[in-house]
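Notes for the one structure printed next.
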Amino acid sequence: MKKLIALALTLLLLAVPVLSLADGSMRQKPLLVDEGDLLTVEEEATLLAELERISAEQKCDVVVVIPRSLGGKSATAYADDYYDANGFGYGTTKDGILLMVCMEERDYATCTTGAAQDWFDDGTLYDIENAFVPLLSAGKYFEAFSTYASRCERVLQGVDRREVLYLDDAAGLLSESERAAVTRRLESNSHVAANCDIVVLTVPSLGQQSAEDYAASIFHSGTYRHGAGYDKVALVIDRAAGMCYCVTDGSANTYFPEKTREKLAQNAASAISSGDIPGAFSEFAESAYRTIDSYYHTRHIQYFSPLRLAGALAVGLIVGLIVASVLKGQLKSVKSQVSATEYLVRDSLNMVDSKDLFLYASVSKTVRQSETRSGGGSGHSGGGSHFSSSGFSHGGHSGKF
Amino acid sequence: MSDLMEYKCPCCGAGLKFSSALQKMKCEYCDSEFDVETLKAYDDALKKAEEKNPEVDTPTGSEWAPGEQEGMRIYLCQSCGGEVVGDETLAASACPFCGNPVIMKAQFAGDLRPDLVIPFKLDKEAAKKAFEKHLLGKRLLPKVFKSENHIDEIKGVYVPFWLFDAEVDASVQYRGTKTRAWSDFHFNYVETSHYSVFREGRMRFEGIPVDGSKKMQDSMMESLEPFDLGEAVPFQTAFLSGYFADRYDVSETESTPRANERLKISTETALKNTVSGYVTLSQEGCNVRNIGGRSRYALFPVWLMNTTWNGQQYRFAMNGQTGKFVGDLPMDKGAYARWWLLVGGGVAVAAYALLTACSAIL
């Protein structure tokens, strides 16, 4: 009995960290690493505790790293790679934000990953950076990092935590593992395709309800969160009727026209009838992604644009005028000489006197601009998403302080 | 005593001409050739002669209206007795009756004798070919100008030039700035240092040519530069035989300002090239003094061509020594507009396609 109790306790002790890791992140380094020695030991301990508290409460890693050097990488690349290499981030999407400050280069970069890319959009990041960068420039490092942490916490507290619904298998067509795999695929493709969620909904029976109404009732029920302004394309499976429907929400119908929707539904129906339900859903995710991707790469082609036409005509007329003027210049060969340089006897120049007298010096100074948007702080670069060397998608900014 | 001078062939008595290909005197009738040096004796008399106005031989039976003879010189050809009429600067020509080359020796007597002459190296055929080449590749040249164009006249002319040698002492004052920039955490700094820069130097110019003939367009003569003075030889009238020549009618004094104008610019450039390391440099003052020099009178070989098209006369000139050809050509305004629109249209289409492609990629 004692052995059993001892074994149970041992298992419990082992399970606690494992459960903790499963719930939180698989991080291999602390949330604060100060190789640049900008903080005192006390400050470091205080800040680390604060970062751990915020990360645990908000389910989003808030990381600060202060390397001695960037090792030849750009600030953004270093931040992205450091985040990936050390296993930061919560959940399957590795949600988290990292601030990297390098004193050697006087560079800083923020890196957002997973859902944090949505939570910390460009405007939010600018606001955060505008708060801590002047403190960095002033040498108030602890205040700067504390400000960063508190601003991050404030943003995370306001985040809508409802989950995005990618798969609702109400008809129970998939096993648990299949459901997880299909969800990952839908989620992944929805992220990459940006601005459009790809969703699969199965229902035991639609009854008198249309597939469009059913999908709309899910999307707008408030139970699940879908990105503000996000379009949606959904595959709706009516198990009782054995029917597949492809429906859209928002402006997704502009790039999923009726024919495309019919084709997607037919393909899914064929695959399901052959018994490969997970394959049908994955294929739908891929096809929908390809359609969205194709639309995003071609939708901006406006073959007629008055502005572009005016610009092209202006360029054409100027180039034409230059060419015609050059040709006109070929006809004229009579012109007076300006100088007599070719009659200057070689090496005959004999310098008699040569003086360079310093008169005075004046110094002007201008405030270093952080970025044009707000007019304070330091120079920024990069918004939008980019990829680390390990291939993960990140958001964030970089700049000098 | 006659004012005309002709070189007669000792063999057949015909007129001798200077051959640019042979660089010798040649008789076109019996093909005899004579070295220029052997004919130098003809010039000795000229060297001793005083400058005087040539006597005007008025042919009997002719009556000139008052003032009509001003600026005109009439000479009698020693070969055929025909009248050679020219202006007061005509120094070498050909008899319009017998075609013999004639040289008005009084035009080279005393102070009017040139110091140097560059003999013709290129002949009339070379000038014709150069003219044809000059018309090639000119997209805006009216096609009918090429097809219908006939040269009215081609003549080899020795054009009088003044050559100025100058020893120059020049000083130039500049204001220059240098900048240095650095930054700290808060500010960007730029330090601008102001300097007074002074340069003084001496240099020598040799042979700056200035056209000494009013008949010649100055810009056209300057376009023909450079002439290689290394090939200039002491003047001998024999070189003029078979060509036209004018004596100067723009004096050395009148030509000096033009030489000084070009010399000053080159002097300033030479001194400015000795200044380096400044971000900005502005000239505040310049003093160029001519501390020694001389001028020489020279005859340079020029082929002149005239053509008339659409009632307008076009003049071309070729450096008779180097072959450099100049002369403004007429423009086809329609072709100008076509090129502008065609090139402009093509570029506009390409630019539009490029912008469309860029907007699709971005």
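Here is the naming used below: chain letters follow the sequence lines, and residue numbers restart at 1 for every chain. Keep in mind the model is a prediction, meaning the values are calculated, not measured.
Only the side chain of A/Val323 comes within contact range of chain B, judged by heavy atoms closer than 4.5 Å. Of the two parts of B/Arg338, neither the backbone nor the side chain holds a non-hydrogen atom closer than 4.5 Å to a non-hydrogen atom of chain A. For chain A, the nearby part of B/Thr274 is the side chain; its heavy atoms alone come within less than 4.5 Å. Heavy-atom distances place no part of B/Thr269 under 4.5 Å from chain A, backbone and side chain included. For B/Leu229, no part lies near chain A; criterion is any non-hydrogen pair under 4.5 Å.
Heavy-atom pairs under 4.5 Å with chain A were tallied for B/Ala350, B/Gly176, B/Pro209; the largest tally goes to B/Pro209. When the candidates B/Gly346, B/Gly327, B/Gly345 are compared by the number of heavy-atom contacts under 4.5 Å with chain A, B/Gly327 comes out ahead. Annotation: maximal heavy-atom pairing with chain B below 4.5 Å, among A/Gly311, A/Gly316, A/Ser325, occurs at A/Gly316. The most heavy-atom pairs under 4.5 Å with chain A, out of B/Phe198, B/Phe325, B/Trp339, come from B/Phe198. Heavy-atom pairs under 4.5 Å with chain A peak, among B/Ala317, B/Ala351, B/Ser193, B/Gly137, at B/Ser193. The candidate with the highest count of non-hydrogen atom pairs below 4.5 Å against chain A, out of B/Gln217, B/Arg258, B/Glu167, is B/Arg258. Interface summary for chain A: among B/Glu261, B/Arg139, B/Glu268, B/Glu225, the most heavy-atom pairs under 4.5 angstrom belong to B/Glu225.
For the residue pair A/Thr341 / B/Ser266, a side-chain donor-acceptor distance below 3.5 Å is found, with atom types taken as modelled.
B/Arg199 has its side chain out of reach of A/Asp353: every pair of non-hydrogen atoms, C-beta onward, lies at least 4.5 Å apart.
Closest non-hydrogen pair, B/Pro226 versus A/Glu342, comes out as CB-OE1, 3.2 Å. When every heavy atom of A/Val315 is checked against every heavy atom of B/Val347, the shortest pair comes out as CG1-CG1, 4.0 Å. For A/Gln330 against B/Lys138, the heavy-atom pair with the smallest separation is O-CE, 3.1 Å. In terms of heavy atoms, A/Val334 sits closest to B/Asp328 at N-OD1, 3.1 Å. The minimum heavy-atom distance linking B/Tyr352 with A/Ala312 is given by the pair N-CB, 3.6 Å.
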Can you list the steps and then say if A/Leu331 with B/Leu140 is a side-chain contact (heavy atoms from CB on, under 4.5 Å)?
CA-CA 8 Å; A/Leu331 301 175; B/Leu140 302 186; 3.9 Å; yes
Test side-chain hydrogen bond (donor to acceptor under 3.5 Å, both in side chains) on B/Tyr278 and A/Asp356 and set out the steps.
CA-CA 11 Å; B/Tyr278 292 95; A/Asp356 293 60; 2.4 Å; yes
Could you go through the side-chain contact (heavy atoms from CB on, under 4.5 Å) check for B/Glu200 and A/Met351 one step at a time?
CA-CA 6 Å; B/Glu200 182 177 359; A/Met351 292 306 294; 6.0 Å; no
Under the side-chain contact (heavy atoms from CB on, under 4.5 Å) rule, what do B/Leu271 and A/Leu349 come out as? Steps first, then yes or no, please.
CA-CA 9 Å; B/Leu271 287 178; A/Leu349 175 60; 4.2 Å; yes
Go through the steps to decide whether A/Val345 and B/Met203 satisfy the test side-chain contact (heavy atoms from CB on, under 4.5 Å), and finish with yes or no.
CA-CA 7 Å; A/Val345 177; B/Met203 63 201 85; over 6 Å; no
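How far CG of A/Leu359 is from OG1 of B/Thr177: 11.0 Å, rounded to the nearest 0.5 Å. Rounding to the nearest 0.5 angstrom, the gap separating the OG atom in A/Ser339 from the CG atom in B/Leu263 is 10.0 Å. Here OG of A/Ser333 is found 8.0 Å from CZ of B/Phe316. Values are rounded to the nearest 0.5 Å. From A/Leu327, atom CG reaches atom CH2 of B/Trp340 across 13.5 Å, with rounding to the nearest 0.5 Å.
Heavy atoms from other residues, nucleotides or ligands lying under 6.0 Å from CG of A/Leu357 number more than 12.
Distance alone, capped at 3.5 Å, is enough to place a donor-acceptor pair between the A/Gln337 side chain and the B/Glu222 backbone. A donor-acceptor pair is defined here as one N or O able to donate and one able to accept, closer than 3.5 Å; such a pair exists between the side chain of B/Ser223 and the backbone of A/Lys335.
Ring centroids of B/Phe205 and A/Tyr343 are separated by 6.0 Å or more, keeping the two rings apart.
For the pair A/Lys365 and B/Tyr189, the NZ or CZ position fails the cation-pi test of under 6.0 Å to the six-membered ring centre and within 45 degrees of the ring normal.
A salt bridge between A/Asp347 and B/Arg204 is absent, with no side-chain N of the basic residue lying under 4.0 Å from a carboxylate O of the acidic one.
Ring geometry for A/Tyr360 against B/His194 counts as parallel: the plane angle stays under 30°, on a 0 to 90° scale with 60° as the upper cut.
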